[in-house]
Amino acid sequence: MKFFIDTASISEIREAASMGILDGVTTNPSLVAKEGKEFRALLKEICEIVNGDISAEVVSITADEMIKEGKDLASIHKNIVVKIPLIKEGLKAVKTLKAEGVRSNVTLCFSPNQALMAAKAGAYIISPFIGRLDDISHSGMDLIQQIVTIYKNYDFDTQVLVASVRHPMHVVEAAMIGADICTMPFKVIDQLIRHPLTDIGLEKFLSDWKKGQQSKK
Ligand code: E4P
């Protein structure tokens, strides 16, 4: 499973990239707005740090405008994947962009039928938002299972990107199901590494080592 970071923060991206586990970055308009930087310059900076798919979202809502905006974003760097909202106009844009060689990540997916539509339109990536479904008492992970099964049944090559991840168990379950990509906030990436027995074990190894060195003196 590929690991993406869900942020537009350069410091978080640098830190995650330095761990050697980062395959890509997802951004969205809310995350970009939080950074207060010029969008194109920010994307260029991200592309210099991570050599993988970097999702950049359009803010238009008509197909023609999304296509124009998408082409412009894709021209920034070869690794940019254009994020398109899962609405009717969005599907039209995905189809045209694909025909012109621009890859799209179809975002704000909340149902298996939406995912099926996106794959048929030619999405490179589908982004089902599991945390936001859990928030309204629906199982986000059931949606991932449904999409993975449907795509497998019909040999779609659209990649399933698990989005709106809130905690480490989401990552375990996504990996068990066989999702292609999981995008996580920095906090979750950090939580994945930690285990109290690792900390206790390391502390004991180091203190035993110290005692051993002292007894040799
Ligand atoms: C995905 O690409 C989105 O940016 C993201 O995962 C949304 O997560 P949220 O529900 O925590 O805002």
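Both counts, for ligands and for their atoms, begin at 1 and track the order of listing.
Under 4.0 angstrom from ligand 1, the non-hydrogen atoms of Ser164 come from both its backbone and its side chain.
The existence of a salt bridge linking Glu65 and Lys68 is excluded, since no basic side-chain nitrogen approaches an acidic carboxylate oxygen closer than 4.0 Å. Looking at Lys187 and Asp190, no side-chain N of the basic residue comes within less than 4.0 Å of a carboxylate O on the acidic one, giving no salt bridge.
Residue Met176 qualifies as open at atom CE: its count of foreign heavy atoms under 6.0 Å is 12 or below.
Regarding atom 2 (O) of ligand 1, its nearest protein heavy-atom neighbour is Lys83 NZ, 2.6 Å. Among protein heavy atoms, atom 7 (C) of ligand 1 sits closest to Phe129 CE2, 3.6 Å. Here the protein heavy atom with the shortest distance to atom 11 (O) of ligand 1 is Arg166 NH2, 3.6 Å. Regarding atom 5 (C) of ligand 1, its nearest protein heavy-atom neighbour is Asp6 OD2, 2.8 Å.
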Practice prompt. Quick one: do Glu15 and Ser11 satisfy side-chain hydrogen bond (donor to acceptor under 3.5 Å, both in side chains)? Show the steps, please.
Written response: CA-CA 6 Å; Glu15 183 65 16; Ser11 58; over 6 Å; no
Practice prompt. Apply the test side-chain hydrogen bond (donor to acceptor under 3.5 Å, both in side chains) to residues Lys210 and Gln213: give CA-CA distance (whole Å), side-chain angles for both, the deciding distance (0.1 Å), then the verdict.
Written response: CA-CA 5 Å; Lys210 227 184 221 169; Gln213 295 298 102; over 6 Å; no
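For the residue pair Glu57 and Thr27, the shortest heavy atom distance occurs at OE1-O, 4.2 Å.
Residue Asn28 has at least one heavy-atom neighbour below 4.0 Å for each of these atoms of ligand 1: 3 (C), 4 (O). Atom numbering of ligand 1 starts at 1 in the shown order; those under 4.0 Å from a heavy atom of Ala163 are 1 (C), 6 (O). Residue-ligand proximity, Thr26 to ligand 1, at heavy-atom distances under 4.0 Å covers atoms 2 (O).
Within the 4.0 Å heavy-atom shell around ligand 1 one does not find Thr107.
Checked by atom type and distance alone, the side chain of Ser164 pairs as donor or acceptor with a backbone atom of Arg132 at under 3.5 Å.
Comparing Glu57, Met184, Arg132 against atom 9 (P) of ligand 1, the shortest heavy-atom distance belongs to Arg132.
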